[in-house]
There are 2 protein chains.
Amino acid sequence: MATEPDKVRKRGRPAADRAGLTADRILTTALALVDAAGLDALSMRRLARELGVDPMSIYHHLPNKAAVVSGLVGLVFSRMRLPESVPDDWAGQVRAWVDAYRDLTRRHPRLVLQIVTDPVAVTQASETINGPLHAALTSAGVPADKIDACAGMFVDFANGFALAGLEPPSPAPAGKPPQSHFDTGMDVMILGIRALTAGRDER
Amino acid sequence: MATEPDKVRKRGRPAADRAGLTADRILTTALALVDAAGLDALSMRRLARELGVDPMSIYHHLPNKAAVVSGLVGLVFSRMRLPESVPDDWAGQVRAWVDAYRDLTRRHPRLVLQIVTDPVAVTQASETINGPLHAALTSAGVPADKIDACAGMFVDFANGFALAGLEPPSPAPAGKPPQSHFDTGMDVMILGIRALTAGRDER
DNA sequence: ACCTGAACACCGTTCAAGT
DNA sequence: ACCTGAACACCGTTCAAGT
């Protein structure tokens, strides 16, 4: 089979109909590629192939590969599903927010390293997650100078847990589903917060 | 300046004196390279240049680049400094072991992602760290079915913390060094363990 | 303005050939 | 047994050229 002649792309600006590239389309395609084939499969050339475009076209919308990767992380963060109704108690609130964050990393397991590592993403996280998390910890009675550290504890734990991979072997699918290691960790940390604030104005 | 003629390497087996390559020498050189220039700088070709050797020579000692990286992680783990004298109390023991683990990641910041991620390394960690950590938690009175989860909590936190980067901005170097976020997290988790085991046979 | 193709300086790895 | 060099199939990115 010879090279198909109808696969040759025209050069120059595309006709008005053929929807031009956009950063959005690039990132959406890249995310699908990474979710399906892993981060190693993400190359500018392969991404371009996926888009049906010359590799260099991408550079007119994103400055380089690093921008593609961090754009990916931003896209994932923008899709975070916030809990619809938060519980009344602070412990329930903390769980709800950490769960929302954790779901993010679970939906894109091949991207966790970048998510957890990207400094810009961490800032994004601060704005959307840490706010409510801080509020919950404040209402728990955690002293102001320990709020950041306690919020960080939950996030760091969630990150470390996500990286450590999926749940442990879990040999017994039958019977009561044993409490997951994640949940146990959360319980202990919440007990710790409670102990930290014992005797303070907790509600 | 032309290519220097005396830099030309002989081919074939080296004379007995010129110490041949070994996996050890390759990994030690690779670790120095990564510590100094980052993981991105580690390529088989550059590593070979550093070793004064043809790129392909490396393949006679390590099967591929992945083996080099995981060898690196193993090398780092083998250098873990165990605490010389562990405290009597379980909380002190837990701190000592987590600190030893954390030092590992601090000594090789450009390798943390691999350390935290490498499944073989995690197994190594299980053997050298988790043993004493489990023992400390057992003596704390943690029920047997929660030991793994609690040990994991500390390790996951340490991993997540290491990844989140160095300490926060830390604007105030003067005065009392404020308790680090890491220490606060450890305190809260230990409080949590204590609360978990309240009323049990703790010693 | 946006897209393209050739070109540059790299990669990891296979394989046949040297000693 | 160990080392080497050419070769293959890739990379990210720059730059001049197309429309």
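Each chain gets a letter, A, B and so on, in the order its sequence line appears, and its residues count up from 1.
Rounded to whole Å, the separation between the C1' atoms of dA17(D) and dA1(C) comes to 15 Å. Of the C1' atoms belonging to dC8(C) and dC10(D), the separation is 15 Å, rounded to the nearest Å. dA16(C) and dC2(D) are spaced 15 Å apart, taking the C1' atom of each and rounding to whole Å.
Residue H61(B) is the one, among R46(A) and H61(B), whose nearest nucleotide of DNA chain D lies closer to the 5' end (criterion: closest heavy atom).
Rounded to an integer number of Å, the gap from L62(A) CG to dG12(D) C1' is 14 Å. Nucleotide dC2(C) holds its C1' atom 14 Å from the CD1 atom of I58(A), rounded to whole Å. The distance from atom CG of L39(B) to atom C1' of dC11(C) is 14 Å, rounded to the nearest whole Å. Atom CG of L47(B) and atom P of dC10(C) are 17 Å apart (whole Å). Taking atom CG of residue L21(B) and atom C1' of nucleotide dT4(D), one finds them 12 Å apart after rounding to whole Å. One atom, CG of D54(A), and another, P of dT19(D), lie 15 Å apart when rounded to the nearest Å.
Heavy atoms only, all atoms of each residue included: S139(B) and A136(B) are closest at OG-O, 3.0 Å.
Of the possible polar contacts, one joining the T117(B) side chain to the L113(B) backbone as a donor-acceptor pair under 3.5 Å is found. Looking only at distances, a side-chain donor or acceptor of K65(B) sits under 3.5 Å from a matching main-chain atom of L42(B).
Side chains of H181(B) and D148(A): a donor-acceptor N/O pair is absent below 3.5 angstrom, by distance only.
In this pair, F182(B) and F157(B) present their aromatic rings parallel. The plane angle is below 30°, not in the 30 to 60° band.
In this structure, S57(A) reaches the dT4(C) phosphate: one of its side-chain N or O atoms is under 4.0 Å from OP1 or OP2.
Within 4.0 Å (heavy atoms only), S43(B) reaches sugar-phosphate atoms of the nucleic acid but no base atom.
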What are the atom names and distances for every N/O pair under 3.5 Å that joins the protein to nucleotides 13-15 of chain D?
{"residue": "dT13(D)", "atom": "OP2", "partner": "Y59(A)", "partner atom": "OH", "Å": "2.9"}
{"residue": "dT13(D)", "atom": "OP2", "partner": "K65(A)", "partner atom": "N", "Å": "2.9"}

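At a threshold of 4.0 Å, the pair R95(B)-D187(B) counts as salt-bridged, since one of the basic side-chain nitrogens sits closer than that to a carboxylate oxygen. Comment: D99(A) does not engage R106(A) in a salt bridge, judged by the lack of any side-chain N to carboxylate O separation of less than 4.0 angstrom.
Of the nucleotides present, dT4(C) is the one that pairs with dA16(D) by Watson-Crick or G-U wobble criteria, both distances under 3.5 Å. Pair check for dC11(D) finds none; no Watson-Crick or G-U wobble contact set falls under 3.5 Å.
Between the side chain of H60(B) and the base of dC3(D) there is at least one donor-acceptor pair of N/O atoms closer than 3.5 Å.
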